[in-house]
Number of protein chains: 2
Amino acid sequence: MKLSDRKKKILQIVVDEYITNAQPVSSKNIAQNYMQDVSSATVRSELNALEEMGYLSQLHTSSGRVPSIEAYKLYVSELMDKGKLTGKELSQIKSAFARQSGNMEEVVRNAAKVISELTDYTSIAVAAHDEDDVIEKISIFPFKEDRALLLVVTDRALIRDKFIAIPPDMTEEQLESANRLVNRTFKGKRLGEVMEASLAAEEQFASYKAIFDRVIDAISDYVNDKSGSVVMAGEDKILNHPEYAEVDKMKNFLSVVTSRDKIANMLSDDNDIEISIKIGGEDKNIPDDCSLVTATYSAGNVKLGTYGVIGPLRMDYQKVVSVLEGVGKILEDMVNKK
Amino acid sequence: MKLSDRKKKILQIVVDEYITNAQPVSSKNIAQNYMQDVSSATVRSELNALEEMGYLSQLHTSSGRVPSIEAYKLYVSELMDKGKLTGKELSQIKSAFARQSGNMEEVVRNAAKVISELTDYTSIAVAAHDEDDVIEKISIFPFKEDRALLLVVTDRALIRDKFIAIPPDMTEEQLESANRLVNRTFKGKRLGEVMEASLAAEEQFASYKAIFDRVIDAISDYVNDKSGSVVMAGEDKILNHPEYAEVDKMKNFLSVVTSRDKIANMLSDDNDIEISIKIGGEDKNIPDDCSLVTATYSAGNVKLGTYGVIGPLRMDYQKVVSVLEGVGKILEDMVNKK
DNA sequence: GTCAGCACTCTAACGCCTCAAGTGCCAACT
DNA sequence: AGTTGGCACTTGAGGCGTTAGAGTGCTGAC
C-alpha cells in the first residue's frame, strides 16, 4: 500500500514527537505545532487511516497515537531526516581516540565509550577478527616450567595472547626451535588456513606435534570465540529512558546486556552491511522492545570492527546514526593516515 | 551501653527476619515464632528500648521495626550465626576452578562468577598486585615497526602485557640487546624497586634510555593502576532484590557498579584484613544503602587477590561470608597443592 | 476533501471510607 | 520488678465514586 505524502509527513511527525517526548501524540499537537494549514479534525482522519494500516496504535480510545514497529521500520528506512554532528561532538570523538597505542582492544573500548556518551544509550562493540586475518608473527613465550604465553600478530595489528601448556619433558632449547618452526610454518597464512592445515602438519612435524596442536587449538579457539572480544559501555544509560522504569523490563534488558554470548549472537550476522538497524522481535537474538543499531567499519579492505547501540524502540535513530557515522569516519581517517 | 542477652537475641531475630523477608518485623511475629515463653507485649517493650538505643527504627508509628545501620554492624560483628556451605555448593566452587591455565586473570574471573552465582549478589574481584611482586622475566616483543608488547612475569605467575612505543631509529638487533639488558637489570627486583631505581639506571644505560624509561613507565602504570584489573560478575543480580525496585536507587547503584574507578577505590583500602564488612556511609567510597563484603586471600605469603560482594544493607551476610570463606579455602588449597 | 461542533470514552487524581496491622500504654497480676 | 492482657490510637493499603481533562469519532455543513 502506498502512503500519500501527507500521511508520510504525519507519520514522521508522530515518530519524531514520540521519540523526543515518550508521550502518545495527539491530533491537536500535530495540527498546532507542525501543520497549521489543516485542522486537528483532518489530522485525526489521517491518523485513523494510518492506524488502520497498522502504523499507529492507541493505548486506549482517548489517548493519542503511538508508533507501531512497522512505523519505526518505515521511519528509519524512508522518513527520518539525516542528523548532523556538531563541531563539539566531532572534537569529542577525535579526542577519544587521541592517545592510541596500536592496541586494537583499546580502540574498541574507546569507541564504545564515546558512542555511549554521545548517544546516551548503552553501546556495544566487537573488534573484527576472522579467518581471513594473515599471521605475521607468532611467539611462544615460556614463563613457568609448564606454561607459556602464545602471541599471534596478524595484519590487523591485533595481538592475541593465550596461555598454553608446555609438555613436561620439553627443554628450553626444544621450545625455541619449536618456536622457530611454528613461525616458519604459519607466517603469511590466514588463520582459517591454519585451522584446516592441522592434519597435514601432523605428519611433518611429529616431534613438535604437541606444541603445534596447542598453537592450532589456540588459534581455533580465537576464531571461534566471538564473545571474547565484546566490549560494552554505558550499561547504566538505559535507566535514563522511561520505558525501562519498570523493574521487569529493566531486568530483562540487563540480563541480555550482561551476557556476552547473547551480545555476540546479536552482532554476528551481517558483518558486511555498513549501518544496520534491527528492531524489536525482527531478529530472534534481539530482545523484544529493543532496537539495535550497528555499524561495521573498515579501512581499505581491513575490517575494523562492529560498533553499535542498543536501546528502546523509541530510540533517537537520527542521533545514533549520525554518531556512528561520525565515529566511523574519524576511525577510518585515523587508520588511513597512519 | 551493654545489651542484655534477651535484647541481643531479639535484635538478632529482627535482623534475621528482615534479611529474609524484607518486611518490617512485628512484636507478634517474634513472640509467636521465636520466643513462645514471653508475650508480644514484653517483646514490644524490649523493641521500644532497642529503638531508643538506636538499633531499630519504624517507618511509621504502626509498622514493625527495621534494623538501623548500627544494628547491622552489631549483627555482623557479634550476633550473626556462622553459615555453612552445603556439599553441593562446595563442589560447585571446585568445578568453577577445575580448568585453570595459570592465567591469574582467568582465576579472578572464575572466582567472581562463582561468588555471584552462589550468593545472588553482584560480585567484584581484583587480582592482587603490588610493589612487592618480584620480576622473574621481562620480554619486549616487537610486532610493528614502531610498537612492541612488553611482558612482565612476576613470582605471582601474573603476566602483565602493555604496549610500548619503540624509538624509530632502533634496529631489531639493538632492541634485542636492550631486551637482554632489561632482563639482566630487573630480574629478581621488586616492582617497587624498579620504579624507584629509575634515576640510578639512567646513567648506566644511557644508550637504551628510551627503552628503559618506557619499561619503567609501564611498570609504574601497572602498579598505580588499580582499576585495570577489576572484574565483576552478576551485575544484573541486584535487580532480584526489592530495595532496588525504585529506578533512582537502581540507577545510583548501577552507576557505581559500572565505574571501575569507583570499585577500585572501594577495594583499595585494607588489603591485609581477611574478611571485611563495610556498611552504608561508613566509608565514603561506598554508596549509601550498600554493603560491601570483601575477603583477601593469600597462599603462604603470596596474595591472591581481593574478592567480594556488593549489595543492599539487607544482605544475607551469613551466606556471603560462608561463600567467601569457601572460595578462599578452595583457592588456597589449589595454589598450595600445585 | 475539510472542518467546527458535539457526544462519547477513558485515565488520572482526589477524597472518602473501611480494614487490618501494629504500636504504646496502663492497670492488674506474679 | 518484670510480665501480661486489654484497649485506644495511628497509619497505610485498598476499594469506590466523583470529577476534570484530554482525546477521539462522527456528523452535517461548506
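Lettering of chains follows the sequences in order, A, B, ..., and the numbering in each one begins at 1.
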Legend entry - Under 3.5 Å side-chain donor-acceptor pair for Ser68(A) and Ser57(A): no
Legend entry - Interface with DNA chain D, restricted to residues 59-72 of chain B and to heavy atoms under 4.0 Å: His60(B), Thr61(B), Ser62(B)
Inset, instruction - Could you please name the option among dT4(D), dC3(C), dT23(C) that lies closest to any side-chain atom of Arg44(B)? - result: dT23(C)
Inset, instruction - Hey, can you tell me if Phe253(B) and Tyr244(B) have their rings parallel, tilted or perpendicular (30° and 60° cut-offs)? - result: tilted
Inset, instruction - Rounded off to whole Å, could you give me the CD-to-C1' distance for the Glu51(B) and dG24(C) pair? - result: 11 Å
Legend entry - Whole-Å gap separating P (dC9(D)) and CD (Gln58(B)): 18 Å
Legend entry - Residues Lys237(B), Glu117(B): salt bridge by 4.0 Å N-O rule: no
Inset, instruction - Enumerate the residues from residues 18-38 of chain B whose closest heavy atom to DNA chain D is under 4.0 Å, giving them by residue number; use none for an empty result. - result: Asp37(B), Val38(B)
Inset, instruction - Measure the spacing between NZ of Lys8(A) and CD1 of Ile13(A) and express it to the nearest 0.5 Å. - result: 14.5 Å
Inset, instruction - Ignoring hydrogens and angles, state whether a donor on the side chain of Thr306(A) or Thr296(A) is under 3.5 Å from an acceptor on the partner side chain. - result: yes
Inset, instruction - Have a look at the helix from dG1(C)-dC30(D) to dT30(C)-dA1(D) and give the angle its two end axes make, five pairs each, rounded to 10 degrees. - result: 20°
Inset, instruction - Classify the side-chain pair Ser291(A)/Tyr317(A) by whether it contains a donor and acceptor separated by less than 3.5 Å. - result: yes
Inset, instruction - Assess the side chains of Tyr121(A) and Asn240(A): does a donor N or O sit below 3.5 Å from an acceptor N or O? - result: no
Inset, instruction - Report the nucleotide, chosen from dC3(C), dG5(D), dG24(C), that has the shortest atom-to-atom distance to any side-chain atom of Thr42(A). - result: dC3(C)
Inset, instruction - Would you name the heavy atoms of Pro242(A) and Arg314(A) that are closest together and state the gap between them? - result: CD-NH2, 3.6 Å
Inset, instruction - For the residue pair Asp81(B) and Gln318(B), confirm or rule out a side-chain donor-acceptor distance under 3.5 Å. - result: no
Inset, instruction - State whether a side-chain donor-acceptor pair under 3.5 Å links Thr86(A) with Glu89(A). - result: yes
Inset, instruction - Find the distance Ile10(A):CD1 to dT24(D):P and express it as a whole number of Å. - result: 12 Å
Inset, instruction - Would you mind reading off the distance between Glu46(B) atom CD and dT4(D) atom P, rounded to a whole angstrom? - result: 11 Å
Legend entry - From dG25(D), dC25(C), dT4(D), nucleotide with atom closest to Asn48(B) side chain: dC25(C)
Legend entry - Distance-minimising heavy-atom pair for Leu56(A) and Pro67(A): CD2-CA, 3.9 Å
